[in-house]
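Note: hydrogens, waters and symmetry copies are ignored here, and every other heavy atom, side chains too, is used. One is the number of the first residue; the rest follow in order along the sequence. Ligands are counted one by one from 1 in listed order, and the atoms in each one are counted from 1 as well. Everything numeric in this text was worked out from a predicted model, so none of it was measured.
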Amino acid sequence: MVAPAMAKGKSAPVAEKFLSEPEIAKLKRVKVDLVAPPMVHKHEQVASGAPRIVEFRMEIEEKKMVIDDKGTTLQAMTFNGSMPGPTLVVSAGDYVELTLVNKASNAMPHNVDFHAATGALGGAKLTNVNPGEQVTLRFKADRPGTFVYHCAPEGMVPWHVVAGMSGTLMVLPRDGLKDPAGNPLRYDTVYTIGEFDLYIPKDENGKYKDYKTLSESYGDTVEVMRKLVPSHIVFNGKVGALTGEGALKAKVGETILLIHSQANRDTRPHLIGGHGDWVWETGKFANPPEKDLETWFIRGGSAGAALYTFKQPGVYAYLNHNLIEAFELGAAGHIVVEGKWNDDLMKQIKAPGPIVA
Ligand SMILES: [Cu+2]
């Protein structure tokens, strides 16, 4: 039924404007080349023009990965060969146009569910691809924030997610990030961290099993998953992935944005020796960020973001502050910060020595 006011050509008040296909066709198109985590592709923090269609391409790759220093393996499933998948960045009002490729060498069907998208199970219903197929999905990124994306094939959702198929889409407000008073917040560097709870089966001798194929790993893995006790919890695909050569880098005075995604299980990020200056722990930029957080909380099935400006040099640890999950199971990384020490913020008045009576 058409309302009488509409019939006379007067438009009823609507909260948002939906574009017609010819109007969308007129939008500027840009193609973005994705980069591997923890890096994030180059992007504008404040949109310089009108909404655009931003084209991305991701290839699904199933592969066996070594996930700790003891040589334990995971029959992994990935977007673009990495855990997490690459972070995609657009501005609110842009359209994401993703081409998803399921390589012919893969064994499983896959798809993608974007938490930022509206309809069709996040796009999952419209992106089912068998090995050797590709598909293209467009959706309007109309809500600002950090949002999880993940594979969600019917009947196998948790397995594909815990085997590695998730990442973040960051939708920036068109006028950039803001503090609760509306002052602009900007970052110099952005890093993306994906935390993965892994469920590697053990044999009768208590040794982690190594599987020849992805399919072979399925039954045992589901058994471990059902106990809800991960064997490992890792940042970016491996115990120690963000330490040593892989450590994140920064300088005193530099502001970093740390994006943290966890598609399946809660986590509580903490920067040892630092803070969250401004944190959107639920990850949605239209809400005011919280200030001065020691530890924040990322709900399983979401991505959050934290800003921090470094004030002291040194090696920081960034971790899940259930410390067993961090130090025993693997959910910890390092940030190496260069610069000058500030004695006003902290000073060792007397070095450790024998007790003085
Ligand atoms: Cu999948």
Side-chain angles (χ1 to χ4, degrees), residues 34 36-37 56-67 73-88 96-117 119-139 147-169 192 194-201 211-226 230-238 261-265 300-303:
L34 293 167
F56 300 96
R57 176 189 165 92
M58 289 201 289
E59 281 190 4
I60 294 158
E61 189 182 350
E62 300 164 359
K63 59 178 180 181
K64 185 151 89 172
M65 290 171 67
V66 174
I67 50 102
T73 61
L74 166 70
Q75 282 287 352
M77 300 185 247
T78 70
F79 290 105
N80 267 18
S82 62
M83 286 170 63
T87 291
L88 286 53
V96 172
E97 193 172 290
L98 172 77
T99 296
L100 183 66
V101 179
N102 190 356
K103 294 167 78 165
S105 52
N106 291 335
M108 297 286 157
H110 300 280
N111 62 22
V112 63
D113 164 357
F114 282 96
H115 287 190
L121 307 182
K125 266 180 109 73
L126 305 179
T127 53
N128 289 310
V129 274
N130 286 311
E133 293 182 336
Q134 70 172 56
V135 65
T136 302
L137 175 77
R138 184 190 77 208
F139 66 89
F147 294 85
V148 159
Y149 69 79
H150 63 88
C151 187
E154 208 181 328
M156 294 188 290
V157 179
W159 181 42
H160 283 236
V161 171
V162 302
M165 296 192 81
S166 69
T168 299
L169 167 65
T192 194
E195 182 170 335
F196 291 86
D197 45 320
L198 305 178
Y199 303 86
I200 313 289
Y211 297 93
K212 282 199 187 69
T213 66
L214 176 60
S215 319
E216 259 178 68
S217 73
Y218 176 69
D220 293 347
T221 304
V222 171
E223 265 185 56
V224 183
M225 282 160 51
R226 286 180 165 207
S231 60
H232 304 70
I233 304 178
V234 302
F235 288 174
N236 292 26
K238 186 181 196 281
S261 66
Q262 224 302 5
N264 189 62
R265 191 176 188 271
S302 72

- M165 near the Cu ion (ligand 1) via N/O/S, less than 2.8 Å: yes

- Distance-only donor-acceptor check, side chains D197 and Q262, under 3.5 Å: yes

- Write the atom name of the N, O or S atom in H110 that is nearest the Cu ion (ligand 1). ND1

- Task: Using the six-membered ring wherever Trp is involved, compare the ring planes of Y149 and F79 and label them parallel, tilted or perpendicular (cut-offs 30° and 60°).
- Result: perpendicular

- Note on the structure: ang(ND1 H160, the Cu ion (ligand 1), SG C151) rounded to 10° is 120°

- Examine distances only and state if a side-chain atom of N102 and a backbone atom of M108 form a donor-acceptor pair shorter than 3.5 Å. yes

- Message: Which label fits H115 and H150: parallel for a plane angle under 30°, tilted from 30 to 60°, or perpendicular past 60°?
- Response: perpendicular

